[in-house]
Colleague: 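A single structure is presented below for examination.
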Amino acid sequence: MNASSSSPANETEDLQPAFRYDAALADRIEIGWQRRWSEQGVYEAPNPSGPLGNQDADDRPKLFVMDMFPYPSGSGLHVGHPLGYIGTDVFARYKRMTGHNVLHTMGYDAFGLPAEEHARQTGEHPRVNTETNIANMQRQLDRLGLGHDKRRSIATTDVAYYRWTQWIFLQIFQSWYDVESGRARPIAELEDLFEKGDRLTSDGRAWLEMDSTEKRRELDQWRLAYLGEAPVNWCPALGTVLANEEVTAEGRSDRGNYPVFRRPMKQWMMRITAYADRLLEDLDRLDWTDSIKTMQRNWIGRSEGAQISFATSPGPTIEVFTTRPDTLFGTTAMVLAPEHPLVDALTPDVWPENTPHQWTGDAATPSEAVANYRRQVSELTDLERQENQTKTGVYVGAHCSVPVNDLQVPIFIADYVLMGYGTGAVMSVPGEDQRDWDFANEFGIDIIRTVQPPSDFDGEAYVGEGPAINSDFLNGLYIEDAKRSMIDWLEREGHGARTVTYKLRDWLFSRQRYWGEPFPIVYDDTGLALAVPEDQLPVELPELIDWAPRALDEESDPEPPLGRANDWVEANYDLGNGEFSYKRELNTMPQWAGSCWYYLRYLDPSNEERFVDPVIEKYWMTDSAGGVGGVDLYVGGVEHAVLHLLYARFWHKVLYDLNHVSGPEPFQRLYNQGYIQAAAYQDERGVYVEAEEVEESSGEYFYKQSRVTRTFGKMGKSLKNSITPDEMYTAYGADTLRLYEMFMGPLDQDRPWETKSVVGSHRLLQRVWRNLIDENTGETTVVDSPPPDALRRLSHRTIEAVADAMEGLRFNSAIARITELNNELSRSAERVPREVAESMILMLGPLVPHIAEELWERLGNTNSIVHSRFPEADPELLVDESLEIPVQINGKVRSRIVVASDSNDEALQEAALSDGRVKELLSGKEIRKVIVIPKKLVNVVVS
RNA sequence: GCCCGGGUGGUGGAAUGGCAGACACGGAGGAUUCAAAAUCCUUUGCCCUCACGGGCGUGCGGGUUCAAAUCCCGCCCCGGGCACCA
């Protein structure tokens, strides 16, 4: 160990002490402990019973901490991916050290399009590719030292898993929503009710008069999973239909940004709308952020109002939904969606006399006008429709009657009225609705105000509060009262009723893809669906040579690839009347299916009798504090606000209604982690250049001598700004990466990655190491003597602050406080007393488990730090005997005084006023008031 | 347009009515070194001052209070969500 070696190659090696905490030592420590932890199963959380059960009664409180499980991408991880995983790991480790039985694991949401695309390009089976990707991702995650119970890991593509996804589908299929009791019930109970005549069938026909096929058709209409003929989102480029939630506002596919067309097709639907109110109400009981709750509320889109019937001159009655029944007296037109089913019946052969020319769309007859307009509308994309704010439409040539005053108003079709919302028909009240105002303006329609605007109002439609005018019996009433009176009148006179409408639509549940769960459904020659018996599950995916969806266009029909598995499409089952051959359902489930219940399978992953054992489910999913229960902490990205989180809540509620789970909600507390952003650089053409090769010089950025501009964005391939965890392991080790990611800022905030700052976190670990370990021998330098009083107090204050920060997921603050304690140890020339050293190591345990475990062992402990107790602050040591407190004069700090911490107000005031500097500044001033805040400050108010 | 977040030094951030800028990165200076890296020490919001000290300061304007980054009112800017939803 001397520096006089002549060979430069050996020099660094000679200078470097053998036990300096550097990347190489970190690597040895981390790999070693990961192996030992794995061998000893330290992260295994016992169940109350079953194969993962613990013979010894475990009376620790349970805690279920979960990440949103990832799709196993083939491109590997960058440092942005594991941010949330590290956060949950730190929290789970902290809770384990405070005496909780913590369930923390990770699985894979492995069905989905990329594996199928990969298969189409390479010919490799999606399962092979998926398993390769999972193995690779698992390796990257393992290196981070995440404390997962590996026994509980699942992938949604496991046959043993999707068997139960299919089973849950069957529970939903074999249920109906009983509005009277407000919950799902088995379909057999509905059959009973029909049988006894206690319930009316959908069209009022007597059950006993129906033949068996008619009975089946009747029951099928009530199921929570049903085949519906509805306009769906057909995406030819993906060869599949999509859920509303998967289509962007621009009318393109969420994935891939391909055009999506609305077409009626027969598809599997989930009756999520039956749960709209409960999904809405139960949000109040969840510990989620307001922004996510708001997004879900908006998506469900509940509006209260009235349904009103308008009689028409040709005969059919038009039903309208409105949130403003109080404005009925202002109705001067009726506007239907162009595809409204009554339009044809309302359209006469010739224009009525005196039809204004501008209403006719230049057409010779009403039906020509309607046909022309419909064609014109269908040629617009959704985006063009939205951008085109000028109102268009045509008169259909008929009138209807406003029920409250028998005013005859013209009926139009216009594309600003959407078929998908309400009844697809709008009573047009231009005075009180800006869209109707704009329409009335285009077509010269009368405008009648029904709410008195303030005298200074100079806008067009008036949507604000005010007394009703021009409204007969409503005149003078304010909006809420006027609405109530009008609805009362409508109900009394039989012209309408109070109604609630939702934006939420039923969930379109089938996809024309290969790599998804097959439906456990077959068809007999009636064409009606039949459940595959539970004991015949799983229905396994067949082997295929050609996985691709057929290249398709807007006009063609979707063609499920499973239809090409000739040996599979027909199957023999005994469904209670002997064995027959049936045709299989060829669609597969959407990717969301598997993620709707994976948290339940974590609890009891190997159960072959049930999807989860009820005792085990109750143990992990019940909240002893009386909350809704479910996962105690669920961390993931905000992008799942309305997709996964709404679907999973829906499934959970169905399972709850059917007594398969013990609580009404799956996720008690939801936390959205932020994203790691990174600088990205563009050249003058706007092309992204490799961020790693960009150099900074006095505030400007250069790539190969040419100037580039800097922006910040999500880390990834497209911005060429990815940093991989592997690069960080090589340079610093996993503990440093964990520490840096947690130190960058609060978990829920986006934050910019700065590789050059990582070294700060590495230095902290080096200093901790050096304070406790002799870098030359590797022996600990701690001493067994008790710490000086001041140090002991500091360490207890640190414990208090760190524990508090850990509880609140403020890991950045926890790290700052530990740093302060360690800085104090560095400053002192004394060796570190064991008591303080051990506290500090234990506090570091959740954040940087490997180095903490290593130090713990080097200090002579034989038990693992993973299950050691987190230190507890002694309240008596949190208060110092004396305090330094500031003295303000008129709110500005002018001096500080040192006082006994138990000084009373009088003593504090006395001490402050007798302070030399304060006396000096107060001379010649009149003291008006002295504010004393015990232990905080003294403020002297002078004139 | 509507609904949520957010705006604090050169940078990430701390403080949720009581000392603004903890902790860290970066910068400056120093020690060590033949030299460098690493490490260690000092310093670092802005302005005035040799200094002691003083003034200003949490997006902008106003208010409440002995005291405001924090609470209230009005605006500006940034990010996200929804959007012809009757």
Colleague: Under 4.0 angstrom, heavy atoms only, what part of the nucleic acid is A:R928 near: base, sugar-phosphate, or nothing?
Modeller: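 The answer is nothing, as A:R928 stays clear of every strand by at least 4.0 Å.
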Colleague: Remember a base hit wins even if backbone is also touched, and classify A:N823 as base, sugar-phosphate or nothing at under 4.0 Å, heavy atoms.
Modeller: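 Touches sugar-phosphate only.
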Colleague: Using 4.0 Å as the upper bound for N to carboxylate O, is an ion pair formed by A:D22 and A:R20?
Modeller: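 Result for this pair is no, no salt bridge flagged.
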Colleague: Using purine N1 to pyrimidine N3 plus N6-O4 or O6-N4 for Watson-Crick, or N1-O2 and O6-N3 for G-U wobble, each under 3.5 Å, what pairs with B:G1?
Modeller: B:C82
Colleague: Would you say A:Q888 reaches B:C66's phosphate, i.e. side-chain N/O to OP1/OP2 under 4.0 Å?
Modeller: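 So the side-chain polar atoms of A:Q888 never come under 4.0 Å of the phosphate oxygens OP1 or OP2 of B:C66.
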Colleague: Does OP1 or OP2 of B:C25 have a side-chain N or O of A:K756 closer than 4.0 Å?
Modeller: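 Answer no for this pair, as no side-chain N or O of A:K756 is under 4.0 Å from OP1 or OP2.
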Colleague: Looking across every strand, which nucleic acid part, if any, lies under 4.0 Å from A:R767 by heavy atom: base, sugar-phosphate, or nothing?
Modeller: sugar-phosphate
Colleague: Using a distance-only criterion (donor-acceptor N/O pair, under 3.5 Å, no hydrogens), is the base of B:C82 paired with the side chain of A:N298?
Modeller: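 Check fails, no donor-acceptor contact within cut-off.
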Colleague: Which is true for A:K936 with a 4.0 Å heavy-atom rule: it touches a base, it touches only sugar-phosphate, or it touches nothing?
Modeller: sugar-phosphate
Colleague: Using heavy-atom distances to pick each residue's nearest nucleotide on RNA chain B, tell me which of A:V941 and A:R894 is more 5'.
Modeller: A:R894
Colleague: Give a yes-or-no answer on whether the side chains of A:T289 and A:Y671 include a donor-acceptor pair shorter than 3.5 Å.
Modeller: no
Colleague: Syn if the chi torsion is within 90° of 0, anti otherwise; quick check, which is B:G74?
Modeller: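 Chi for B:G74 falls in the anti range.
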Colleague: What pairs of nitrogen or oxygen atoms, one from the protein and one from nucleotides 14-17 of chain B, lie under 3.5 Å apart?
Modeller:
| from | atom 1 | to | atom 2 | distance (Å) |
| --- | --- | --- | --- | --- |
| B:A14 | OP1 | A:N812 | ND2 | 3.0 |

Colleague: Tell me which nucleotide among B:C84, B:C4, B:U39 gets nearest to the side chain of A:S291.
Modeller: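 For the A:S291 side chain, the nearest candidate turns out to be B:C4.
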Colleague: Parallel, tilted or perpendicular, judged at 30° and 60°: which one describes the rings of A:H640 and A:H644?
Modeller: perpendicular
Colleague: Would you please test A:R302 and A:V500 for side chain to side chain contact (heavy atoms under 4.5 Å, CB included) and show each step?
Modeller: CA-CA 7 Å; A:R302 183 181 202 273; A:V500 176; 3.6 Å; yes
Colleague: Give none if B:C50 has no partner; otherwise give the nucleotide forming a Watson-Crick or G-U wobble pair with it, both distances under 3.5 Å.
Modeller: none
Colleague: Can the positive tip of A:K391 be found less than 6.0 Å from the middle of the six-membered ring of A:Y416, inside 45° of the ring normal?
Modeller: yes
Colleague: Less than 6.0 angstrom separating the ring centers of A:Y732 and A:Y740, yes or no?
Modeller: no
